[in-house]
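Labels below follow one simple rule: chain letters A, B, ... track the order of the sequence lines, proteins then strands, and each chain is numbered from 1.
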2 protein chains.
Amino acid sequence: MDKTKFARHATSPRQGAQAIRRALAVLRILAAGGEAGVPLAEVVQATGLTRPTVHRIVHVLIEEGIVERNERSGHYAIGNQVPELALARPRPSRLLIAANPSLQRASAEIGDTLFLTVRTGNDTLCVDRRIGIYPIQVLSIEVGARRPLGVSSAGVAILAAMPAQDARKIVAANEKRFETYKTDMATVLGEITAARRLGYGMREIGLIQGTKSISTWIKTPDGQPAAAMTVSAVRTRLGPRREQEVADILLREAKVIEQAIGG
Amino acid sequence: MDKTKFARHATSPRQGAQAIRRALAVLRILAAGGEAGVPLAEVVQATGLTRPTVHRIVHVLIEEGIVERNERSGHYAIGNQVPELALARPRPSRLLIAANPSLQRASAEIGDTLFLTVRTGNDTLCVDRRIGIYPIQVLSIEVGARRPLGVSSAGVAILAAMPAQDARKIVAANEKRFETYKTDMATVLGEITAARRLGYGMREIGLIQGTKSISTWIKTPDGQPAAAMTVSAVRTRLGPRREQEVADILLREAKVIEQAIGG
DNA sequence: TTGGTCTTGTCCATAATATGGACAAGAACG
DNA sequence: CGTTCTTGTCCATATTATGGACAAGACCAA
């Protein structure tokens with residue numbers, strides 16, 4: 001069904017573990033649901049698996065403590081044991097350390113909310129957030145927020161920074177999930193093209209009504225985009241003139257971060 | 001093979017997901033290996049699975065980014081994507097918040113290193129650590145350290161606080177893993193009995209030569225032990241007299257924490 | 001060199017497992 | 001009290017994961 005997935009070093013896509021891969025696909029969808037969780041039907045729709053299969057997977061994961069069920073809503077969410085497993089890893093990533101001074105500087109200069117977002121698989125994941133000094137702040141996105149690549153301005157920026165073909169593959173893989181976020185492939189592809197032309201990602205309508213976002217991409221030494229830096233503000237605060245100013249600051253700091261992780 | 005596992009509300013242990021359960025068993029063993037990771041052979045021995053099976057599981061998980069391989073040692077460890085999934089959960093647990101003042105107080109009073117350890121499945125997991133003011137501190141155990149229940153004094157304390165039958169089941173389930181930690185079922189069961197008699201867990205020989213540990217258990221409102229509070233110090237600093245003093249402080253604070261999570 | 005003893009990695013016939021179509025049951029709505 | 005949502009369950013079946021046997025590489029000693 002999906003002939004995508006070509007691992008880096010020509011590693012043949014190993015078989016004999018369909019169930020495990022499916023369980024992980026389910027987990028990633030649940031992760032995108034955050035604390036609130038995701039109804040079963042949405043997991044079914046997003047993964048393309050059948051309902052009995054998703055049901056079985058989810059309930060086994062519950063028994064194992066990997067997934068929890070919100071008794072009020074019936075939605076499923078990432079469980080207790082996932083952070084417990086995560087403790088086996090050392091705390092802050094290279095990127096987070098490298099980006100820290102830039103976020104500090106840009107936040108002070110701009111005054112609006114700043115986000116650092118990484119790519120993980122076909123998703124974006126918000127890994128850091130700085131609240132600015134301006135009294136109206138867009139706080140819609142929490143650290144840990146996860147969305148399909150393409151639905152946020154950060155996602156569009158990251159896609160714009162990769163080879164067109166790769167970007168198209170990811171967008172296609174996410175197609176089933178776009179519905180939930182009220183967008184579609186054509187719109188996303190259009191935004192990616194626009195971002196390439198501009199040199200940064202931009203959204204007149206953010207995920208929240210009346211907000212606007214600007215994102216620059218951050219590439220690893222090998223040219224792959226690994227992250228994006230985003231400013232979100234109420235739209236009136238980001239007119240054409242200020243948009244350019246903000247974008248310039250973001251572009252400057254993105255370069256600094258690229259140096260820090262490259263050298 | 002294992003007829004254990006009876007879920008709380010008489011939920012029948014669901015079937016149709018052997019592979020997923022096995023993958024999780026593997027993951028938990030890898031988590032116990034921490035940053036350094038675990039050689040394949042040890043995963044095989046600890047899980048009781050066959051080598052081809054473990055090999056296949058581990059490599060699929062690598063392709064999925066859930067597991068990483070240390071190229072120097074060839075050992076396998078928990079990968080990048082696990083903390084990423086964990087971000088979908090809100091940060092600090094109830095227990096961590098409730099225990100904070102007690103850890104603060106006990107640490108100031110005692111002066112040696114304090115650990116807060118929870119039970120997760122058949123493992124103990126260190127979730128907090130306070131370094132005391134005394135110049136010689138036992139820092140062997142990091143936050144995130146994971147061990148089979150029974151090999152640390154915290155584990156013994158937690159087992160001592162549960163119904164004897166449950167404790168025996170867990171110890172039996174961990175039997176295969178004790179070898180790695182140079183202990184065995186008989187020893188562990190003996191220590192549990194001793195801890196029950198004393199009212200707290202104690203180890204003349206900690207996981208590091210020349211250290212001694214004292215642990216009290218913390219029970220949830222329903223009587224299940226959920227955590228342990230441990231003091232570790234060089235043995236000479238914990239003679240019989242001071243042992244009693246330290247144990248009394250720990251027992252007192254354990255009660256306080258039980259109140260905080262109970263009320 | 002050869003032989004021994006460790007590892008990890010791979011193959012593939014086969015048994016066992018996960019699959020999903022069809023059905024059930026409950027909730028919300030008008 | 002039908003309609004349309006949702007989630008949950010059953011079980012015959014074919015797809016999938018399994019593991020015995022074998023391979024290959026690393027290291028050590030004689």
Q: C/dT19, OP1 or OP2 - any side-chain N/O from A/Thr50 closer than 4.0 Å?
A: no
Q: Would you mind reading off the distance between A/Leu61 atom CG and C/dA18 atom P, rounded to a whole angstrom?
A: 13 Å
Q: Could you give the CG-to-C1' distance, from A/Leu40 to C/dG20, as a whole number of Å?
A: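 Whole-Å distance recorded here is 14 Å.
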Q: To the nearest Å, how far apart are B/His59 NE2 and C/dT8 P?
A: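 Value for this atom pair: 9 Å.
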Q: Ignoring backbone atoms, establish whether B/Gln18 has a side-chain N or O less than 4.0 Å from OP1 or OP2 of D/dT18.
A: yes
Q: Flag the pair B/Ser232 / B/Thr211 as yes when at least one side-chain heavy-atom distance between them is below 4.5 Å, and no otherwise.
A: no
Q: In whole angstrom, give the distance that lies between atom CZ of A/Arg72 and atom P of D/dT7.
A: 17 Å
Q: State whether A/Arg203 and A/Glu191 are salt-bridged, where the test is any N-O pair (Lys NZ or Arg NE/NH1/NH2 against Asp/Glu carboxylate O) under 4.0 Å.
A: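 Salt bridge: yes.
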Q: Counting only side-chain heavy atoms from C-beta out, which of C/dT19, C/dA18, C/dC23 sits nearest to A/Arg22?
A: C/dT19
Q: Please report the distance, rounded to the nearest Å, between CD1 in A/Ile20 and C1' in C/dT19.
A: 16 Å
Q: Does a nitrogen or oxygen in the side chain of A/His55 sit under 4.0 Å from OP1 or OP2 of D/dG8?
A: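 The answer is yes; a side-chain N or O of A/His55 sits under 4.0 Å from OP1 or OP2.
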Q: Does B/Arg28 pair with A/Glu64 as a salt bridge, N-O distance under 4.0 Å?
A: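 Yes, charged N to carboxylate O under 4.0 Å.
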Q: On the nucleotide D/dT6, are OP1 or OP2 found under 4.0 Å from the side-chain N or O atoms that A/Tyr76 carries?
A: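 It does not, given that no N or O in the side chain of A/Tyr76 lies less than 4.0 Å from OP1 or OP2 of D/dT6.
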Q: The side chain of B/Pro52 lies closest to which of these nucleotides: D/dG20, C/dG20, D/dA17?
A: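 Closest of the options to the side chain of B/Pro52: D/dG20.
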Q: Take the protein atom CD of A/Gln45 and the nucleotide atom P of D/dC5, then report the distance between them rounded to whole Å.
A: 14 Å
Q: Compare the minimum distances between each of D/dT6, D/dC22, C/dC11 and the side chain of A/Ala41, then state the nucleotide with the smallest one.
A: D/dT6
Q: When you measure only distances, ignoring hydrogens and angles, does the side chain of A/Arg51 come within 3.5 Å of the base of D/dG8 through a donor and an acceptor?
A: yes
Q: In this structure, how many angstroms lie between the C1' atom of C/dA27 and the NE2 atom of A/His75, rounded?
A: 13 Å
Q: For A/Ile57 and C/dA18, what is the distance between atoms CD1 and P respectively, to the nearest whole Å?
A: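 These atoms are roughly 10 Å apart.
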Q: Would you say B/His59 and B/Tyr76 are linked by a side-chain donor-acceptor pair, where the criterion is simply a distance under 3.5 Å?
A: yes
Q: Strictly below 4.0 Å, N to O, side chains only: are B/Glu63 and A/Arg21 in salt-bridge contact?
A: yes
Q: Would you indicate, yes or no, if D/dG8 has its OP1 or OP2 atom less than 4.0 angstrom from a side-chain nitrogen or oxygen of A/Arg69?
A: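 Answer is yes, contact under 4.0 Å.
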